[in-house]
> 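What follows is a structure written as structure tokens; I'll ask about it next.
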Amino acid sequence: MKSERLTAEILNLSYTIESGQPLTFYGDYRNGSDQITYPVGGALVTARFAHMGDKVVIDARSSNGKSVKDEITSRFRLNDDIQTMYESISTDKKISAAIRQFRGMRVTKNEPWETSVCFIISQFNNLKRIRGIIKNMMERFGDPICSFDEETRYSFPSAEALSNARIEDIMRCGAGFRAKYIKSAAKYCTENLDLESISKLEYADLKEELMRIDGVGDKVADCIALMGYGKMEAFPVDVWVKRSMEKMYFKGKKKGVKDIHAYASGKWGEMAGFAQQYIFWYGRSNF
DNA sequence: ACCCAGGCGGGCG
DNA sequence: CGCCCGCATGGG
């Protein structure tokens, strides 16, 4: 099948991909190329984004020839009313500045298992290393899909594959002390928990279920809820969001995570997670 | 060399 | 409960 064309508005590819979101875990984004590739469903998706002002034309295809329209639409949340979302989180000058700087950055909606692994790895870690670890794990534990740019591309490792892996082999990917969490989570998600079946739960119940996974605490559960299940009210509070929130809204005074959650929830409600992505990246880029 | 990174689990008071 | 500590690893 030839590539399919989709259109969107206010979607900045580089901000979206580079701002630390899964897309396993970075796609293969070539800076300036406006193209990404990423594995899904045992195939490799290729998508080109042509930006023309606020309009974006997306040409996408899959290595297996199947339609990718639904995949792209879901992944980049193209059915969201982005204008209304901006209006609802533009509550003050502080966040408006963040939105202005990174206008078009979207919160993506990725597969729950991949999102879980990505954010288990993210703990006490940095983006550069996270990307490397994910890449190593895909090459070691994923299945080869096809060759692209003279390089073999792999699927994201299944929970089954990782539940059978040896911890020391996961560590060899650079995962460090998180390797035991990954294996444990993989076992739990193959034997005790169906990540698909909990997608129908409300945010609070979903988060509670996710926190039963070894290596998933409050912050990682919020990340999985937001970027793996599309729960826009989730507001992950990491060190950057904490710092940014304290600076932006608490006159630089130290605040507990609970206070920050409560404040964000009251201010942005159902769209708190969308606001969070801007606060996170704004803080990382400017503070 | 030293510090830190999209935190979490476990142990202690 | 809330607090505090160790934790693998590599880049700045």
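Keep in mind it's a predicted model, so treat the numbers as computed, not measured. Only this structure's heavy atoms are used, side chains among them; waters, hydrogens and symmetry mates stay out. By convention in this document, chain letters (A, B, ...) are assigned in the order of the sequence lines, proteins followed by strands, and residues within each chain are numbered from 1.
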> Expressed as a whole number of angstroms, how long is the span from A/I260:CD1 to B/dG7:P?
13 Å
> List the steps, then state whether salt bridge (charged side-chain N to carboxylate O under 4.0 Å, His left out) holds for A/R243 with A/E246.
CA-CA 5 Å; A/R243 272 178 212 155; A/E246 287 165 351; over 6 Å; no
> Closer to the 5' end of DNA chain B via nearest nucleotide, is it A/Y181 or A/S122?
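Between the two, 5'-proximity favours A/S122.
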> Just how far, in rounded Å, is C1' of B/dG6 from CD of A/Q277?
10 Å
> Start with the C-alpha distance between A/R172 and A/D169, add both sets of side-chain angles, then the distance that settles salt bridge (charged side-chain N to carboxylate O under 4.0 Å, His left out), and finish with yes or no.
CA-CA 5 Å; A/R172 223 163 261 139; A/D169 287 332; 2.6 Å; yes
> If I take atom OH in residue A/Y188 and atom P in nucleotide B/dC8, what distance separates them, rounded to the nearest angstrom?
16 Å
> Tabulated below should be each protein N or O lying under 3.5 Å from an N or O of nucleotides 8-12 of chain C; please produce it.
{"residue": "C/dA8", "atom": "O4'", "partner": "A/F177", "partner atom": "N", "Å": "3.1"}
{"residue": "C/dA8", "atom": "N1", "partner": "A/F124", "partner atom": "O", "Å": "3.4"}
{"residue": "C/dA8", "atom": "N1", "partner": "A/R178", "partner atom": "NH2", "Å": "3.3"}
{"residue": "C/dT9", "atom": "O4'", "partner": "A/R129", "partner atom": "NH2", "Å": "3.4"}
{"residue": "C/dT9", "atom": "O2", "partner": "A/R129", "partner atom": "NH1", "Å": "2.9"}
{"residue": "C/dG10", "atom": "O4'", "partner": "A/R129", "partner atom": "NE", "Å": "3.4"}

> With rounding to whole Å, what would you report as the distance between B/dC8 and C/dG11 at their C1' atoms?
23 Å
> Have a look at A/S19 and say if it touches a base, only the backbone sugar-phosphate, or nothing, with a 4.0 Å heavy-atom cut-off.
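The residue A/S19 makes base contact.
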> Answer yes or no: is there a donor N or O on one side and an acceptor on the other, between the side chain of A/N136 and the main chain of A/C173, under 3.5 Å?
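Here the side-chain-to-backbone pair exists.
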> Whole angstroms only, please: what is the OH-P distance between A/Y282 and B/dG6?
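Checked: the OH to P distance equals 19 Å.
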> Return yes when atom NZ of A/K135 has more than 12 non-hydrogen atoms of other residues, nucleotides or ligands closer than 6.0 Å, and no otherwise.
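12 or below, so no.
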> Strictly distance-based, threshold 3.5 Å: is any side-chain N or O of A/D214 a donor or acceptor partner for the main-chain N or O of A/A185?
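Not confirmed, A/D214 side chain does not pair with A/A185 backbone.
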> Without decimals, in angstroms, what is the distance between A/I182 CD1 and B/dG9 P?
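My rounded result for the distance is 14 Å.
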> With a 3.5 Å cut-off and no angle check, do the side chains of A/Y203 and A/E208 form a donor-acceptor pair?
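There is no such pair between these side chains.
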> Atom NZ of residue position A/K187 - does it have more than 12 heavy atoms of other residues, nucleotides or ligands inside 6.0 Å?
no
> Quantified in whole Å, what is the P atom distance between nucleotide C/dC4 and nucleotide B/dG6?
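To the nearest whole Å, 23 Å.
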> Could you walk me through whether A/D218 and A/K207 pass the salt bridge (charged side-chain N to carboxylate O under 4.0 Å, His left out) check?
CA-CA 8 Å; A/D218 183 83; A/K207 183 172 174 181; 2.9 Å; yes
> Without decimals, in angstroms, what is the distance between A/R131 CZ and B/dA5 C1'?
13 Å
> Do the numbers put A/K109 on top of the ring of A/F76, so that NZ or CZ is under 6.0 Å from the six-membered ring centre and no more than 45° off the axis?
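Relative to the ring axis of A/F76, which defines the angle, A/K109 lies outside at least one limit.
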> Hunt down any stem DNA chain B takes part in, defined as 3 or more consecutive Watson-Crick or G-U pairs whose two distances are each under 3.5 Å.
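Stems (3+ consecutive pairs) listed as B:2-5 with C:9-12, B:7-13 with C:1-7.
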> When you check the gap from the basic side-chain N to the acidic O, do A/K231 and A/E233 get nearer than 4.0 Å?
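The answer is no: the pair does not qualify as a salt bridge.
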> If you take any heavy atom closer than 4.0 Å to DNA chain B, which residues from residues 209-220 of chain A end up in contact?
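Close to the strand are A/I213, A/D214, A/G215, A/V216, A/G217, A/D218, A/K219, A/V220.
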> Any heavy-atom pair between the side chains of A/V241 and A/K219 that's under 4.5 Å?
no
> For B/dG9 and C/dG10, measure between their C1' atoms and round to the nearest Å.
24 Å
> Quick check, does A/W240 stack with B/dG6? I mean ring centres under 5.5 Å and planes off by under 30°.
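Stacking between A/W240 and B/dG6: absent.
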